[in-house]
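Read the structure below first, then the notes.
Note that ligands are numbered from 1 as they come in the structure, with each ligand's atoms numbered from 1 the same way. This chain uses plain numbering: 1 for the first residue, then up along the sequence.
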Amino acid sequence: MSNENYIGIFDSGIGGLKTLEEIRKILPNENYLYYADSKNNPYGEKEEKELYDITKRIVSRLLNHNVKLIIIACNTATTKCIKKLRNEFSNTIFIGTEPAVKIACDNDYKNILVMATPTTIDSERMHILIDNNKKENQSITLLKCDKLANAIEQNNQKEIDIILKNIFKDKKNNNYDSIVLACTHYPYIKNKIQKIFPNADIIDGNKGVSKRVKYILETNRIKNTSKTKGKIRIIKTRKVKK
Ligand code: DGL
C-alpha cells in the first residue's frame with residue numbers, strides 16, 4: 001500500500017461532493033476516488049438489509065482500487081451501516097459522517113432543529129448522540145425530511161420548494177437558533193433554508209469529517225507527501241430509465 005493510493009469516498013450521489021470539497025481544502029494533495037451511487041438514491045428510504053448490501057458492494061469496489069481508507073460521506077449509511085462494515089472489513093479504516101448534534105450542543109445553542117432522512121432520524125445512533133450531548137437547558141427537534149435528498153439529487157427545484165413548504169409548515173415561528181443539516185445533500189439548499197430561518201445558524205458535519213481524515217492520515221502515517229495537487233476520479237452509477 002502506497003501513500004499515494006486513493007482515498008475512497010462514497011454517497012448516494014452528489015451529497016458527498018460537498019464533503020470532498022471541504023476535505024480538499026486541508027488535504028489538496030491527496031488522490032480521491034469518489035463513488036456517486038445515484039442509482040440507489042435515496043438511501044434514506046431503504047430497509048437496513050438492502051442498504052447494508054449496497055454499501056458492502058461499494059466498499060468492495062473501492063477496495064479493488066486499493067484505496068487507503070474509506071469515507072462514508074453520508075449520514076444515513078454511517079448511522080445504519082458503519083458498525084457492520086467495520087466488522088466485515090476489519091482491515092479497512094472507515095471514517096463516517098455523523099449528524100452534527102455534538103457541534104450544536106457544544107456551542108450552547110438552545111433551540112436546535114435537526115434535519116435528516118427518515119432512516120437517520122429513526123436510527124439508534126441519532127438517539128445516542130442526543131443522550132450523550134444534550135444539556136438540560138437545550139431543546140432538540142428532529143425533522144424527517146422525506147424525499148428531500150432525492151429532489152436535491154434530481155436538481156428538481158420545484159419539488160424541493162414544495163417539500164420545504166410542507167415540512168416547515170408548523171415550524172416557521174419556532175425561533176430555532178441553529179439548524180443541523182444531518183444529510184450531506186442538504187448543504188446544496190442551505191440558502192433556501194437560511195431564507196426561511198434568517199436568524200438560525202446552519203451547521204453541517206463536513207468540517208469535522210475533514211479534520212478527522214487529516215488526523216487519521218497523520219496518526220496512521222499514510223498521508224500523501226506529494227507537493228502537487230492530487231487527482232479526483234469519479235465513478236457514477238445511474239438509474240436505468242424504464
Ligand atoms: N446524503 C445522504 C445522507 O447524508 C443520503 C441521502 C439519501 O440518499 O437519502 O444521509
ask   = Any side-chain donor paired with an acceptor under 3.5 Å for N41 and N150?
value = yes

query = Taking atom types as modelled, is there a side-chain donor on S178 or D201 under 3.5 Å from an acceptor on the other?
reply = no

query = Checking side-chain contact (heavy atoms from CB on, under 4.5 Å) for the pair Y34/D11: CA distance, chi angles, key distance, verdict?
reply = CA-CA 8 Å; Y34 185 88; D11 178 42; 3.6 Å; yes

query = Looking at OH of Y52 and CD of E88, how far apart are the two atoms once the value is rounded to the nearest 0.5 Å?
reply = 4.0 Å

Ligand-protein N/O pairs under 3.5 Å (ligand 1):
residue: ligand 1; atom: 1 (N); partner: D11; partner atom: OD1; Å: 3.0
residue: ligand 1; atom: 1 (N); partner: T184; partner atom: OG1; Å: 2.9
residue: ligand 1; atom: 1 (N); partner: H185; partner atom: ND1; Å: 2.8
residue: ligand 1; atom: 4 (O); partner: N75; partner atom: N; Å: 2.8
residue: ligand 1; atom: 4 (O); partner: N75; partner atom: ND2; Å: 3.2
residue: ligand 1; atom: 4 (O); partner: T184; partner atom: N; Å: 2.7
residue: ligand 1; atom: 4 (O); partner: T184; partner atom: OG1; Å: 3.2
residue: ligand 1; atom: 8 (O); partner: S12; partner atom: OG; Å: 2.6
residue: ligand 1; atom: 8 (O); partner: N41; partner atom: ND2; Å: 3.4
residue: ligand 1; atom: 8 (O); partner: Y43; partner atom: N; Å: 2.6
residue: ligand 1; atom: 9 (O); partner: Y43; partner atom: N; Å: 3.2
residue: ligand 1; atom: 9 (O); partner: G44; partner atom: N; Å: 2.8
residue: ligand 1; atom: 10 (O); partner: T76; partner atom: N; Å: 3.1
residue: ligand 1; atom: 10 (O); partner: T76; partner atom: OG1; Å: 2.6

query = Does a donor on one side chain sit under 3.5 Å from an acceptor on the other, for S38 and E153?
reply = yes

query = Looking at Y176, is K171 sitting on its ring face, NZ or CZ under 6.0 Å from the six-membered ring centre and within 45 degrees of the normal?
reply = no

